[in-house]
Amino acid sequence: MLASQLQAQHHLSRFSLSDPRVNILAAGIFALVAVLLTQWPALMLLLGLALLFNVMAGTRWRSVIKRLLAFETFMLLLVLMLPFSMPGETWFRLFGLSATIEGASQALTILLRANAVVLALLALLAIREPVSLGYGAAALGFPAKLIHLFMMTVRYIQVLGDEFQRLRNAMKARAFEPASNWHTWRSYGWLMGMLLVRSMERAQRIVDAMRCRGFDGSLYLRSQLLWRKSDSLLLLGLSLLALVPLVWQQFLE
Amino acid sequence: MNPSISIKAPLLSVTELSVSYTHRSVFNGVSFDLYPQERLALVGANGAGKSTLLRTLIGLNNQFQGQIVGFGQRCRQEREFQQLRKKVGFLFQDSDDQLFCPTVLEDVAFGPLNLGLSADAAQRKALQVLASLGMIEFADRITYRLSGGEKRMIALATVLAMEPEVLLLDEPTNGLDESAQQRLLAHLDGLSQAMIVVSHDRSVLERLATRAVLLEGGQLTKAVMHRHPHEHLHVHAEDRIAAGIHEQEHR
């Protein structure tokens, strides 16, 4: 699925063999550093580190770029809006609106920061089996409800996706082609509505099946994580690397 | 009359059971008993209410009139049905509804844990049931990565791990290929539990059922199962026919 798609099949890096807690903690530290950085050179270095992590993780560039592109569409909106919506010194004027230097610099900072974090998450978290991340988060003491919500999502997102695909195929099989017209929007509305209804019904059946097996509100996870010495070393290494830009920023100031 | 038969009490006993949704009556005045070792086929057209009947039996549908007695205990409220469900296993039509845990072992151990077994005992129980179905190597597999046939076998394991005395099977072979069907049927046939089987598949009924009832027009009637010789279609690879070895594939 997602994990296997992102990583080259033959290549199992240490990021996918370590204790999942290492990945979660390292990603957390990286994100924290990203939030604390404000200077461009330091942020550039952080972005470089995120790329380095991807090399270490052995992610496939093709799929990394595909995911980044999906993310950049969000960022594009921000980069276009922010210069015009922040007060400050006028940079240029367009259609009577003034873009500010402060806004532009803020947009660039956010762009660098967000890309660095997303790349790091791809290298550290996305290459893992989602289930093992759930175990890791549980072992780190995340709330049980959150863990079970996550595990259920992992379990059923594929089932939902398949259902969506089946409905889509059934539409295609009857020569449906999306266009920008009323028919398309109405059909998509029905598709989504049908998906929602079916999901509700499936959720009901799942609860029924759980009740049949004596479900009384408590769920159990069997954790078999083992923290090794190499995990400590990996976490230490990754944390030190992530801290370098922060130290450098202190030096720049 | 054989005395050992006359003292047997029914495991499940249903009297004048009726279910209706809003205005439409699904079935009306349904009565039957299920005795130990019996395998009752529940037959009927699509939408006749077979699945609804099974769901109502174990209290998953609380909009009903009539009397349901399980193991000598009248069941009316959720609490009573909870006790009943510990002894009655239900194999769902869609195994994706039944398997919700990340890994197979966790899923099979879920029922035993709910029965109050310790984590270790539940795991032992789960492994033992998986072994008995020949699925032991699937213990650490992730449930959503299994094939349809594997999912159905694991779903059966999750039910059997609770050591039920009655099995309710809702279209057990639905969506399975020939070999997965045969495998599942062979295991089901080897079980000692009383069963109620809903199926449109003739081979399932032929293999499992000891008697049959027909749900039709909202009424339950006794049905007679009889055989007649029939022709059926077999599909073989062309080169196997040419080599004359396709006869080995008939079993």
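Numbers restart at 1 for each chain; the letters A, B, ... are given by sequence-line order, proteins then strands.
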message: side chain to side chain contact (heavy atoms under 4.5 Å, CB included), that's the test. Do B:Ile142 and A:Arg155 meet it? Break it down for me.
response: CA-CA 9 Å; B:Ile142 289 168; A:Arg155 170 67 184 85; over 6 Å; no
pair [X]-[Y]: side-chain heavy atoms closer than 4.5 Å:
X        : Y        : result
A:Glu129 : B:Arg145 : yes
A:Arg211 : B:Glu78  : yes
A:Asp208 : B:Phe90  : no
A:Phe215 : B:Phe110 : yes

task: Before accepting this row, confirm whether a basic side-chain N of the pair A:Arg213/B:Asp107 lies closer than 4.0 Å to the acidic partner's carboxylate O.
output: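 Between B:Asp107 and A:Arg213 there is a salt bridge, with a charged N closer than 4.0 Å to a carboxylate O.
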Measuring from atom [atom1] of [X] to atom [atom2] of [Y], what distance do you get when rounded to the nearest 0.5 angstrom?
X        : Y        : atom1 : atom2 : answer
A:Cys212 : B:Gln82  : SG    : CD    : 11.5 Å
A:Gln204 : B:Asp97  : CD    : CG    : 10.5 Å
B:Asp96  : A:Gln158 : CG    : CD    : 9.5 Å
A:Met210 : B:Cys101 : CE    : SG    : 7.5 Å
A:Asp162 : B:Tyr144 : CG    : OH    : 12.0 Å
B:Leu60  : A:Arg205 : CG    : CZ    : 12.5 Å

message: Set out, in order, the CA-CA distance, both residues' side-chain angles and the distance that settles side chain to side chain contact (heavy atoms under 4.5 Å, CB included) for A:Tyr135 and B:Thr103, then state yes or no.
response: CA-CA 11 Å; A:Tyr135 285 127; B:Thr103 65; 3.7 Å; yes
field: Heavy-atom pairs under 4.5 Å with chain A, option from B:Leu115, B:Thr158, B:Thr143, B:Ile58 with the top count
entry: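 Of B:Leu115, B:Thr158, B:Thr143, B:Ile58, B:Thr158 has the most heavy-atom pairs under 4.5 Å with chain A.
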Just wondering, are more than 12 heavy atoms of other shown residues or ligands nearer than 6.0 Å to [atom1] in [X]?
X        : atom1 : value
A:Arg62  : CZ    : no
B:Gln37  : CD    : no
A:Trp185 : CH2   : no
B:Gln77  : CD    : no

field: Per-residue contact mode, B:Leu168 against chain A (heavy atom under 4.5 angstrom)
entry: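 No part of B:Leu168 comes within 4.5 Å of chain A.
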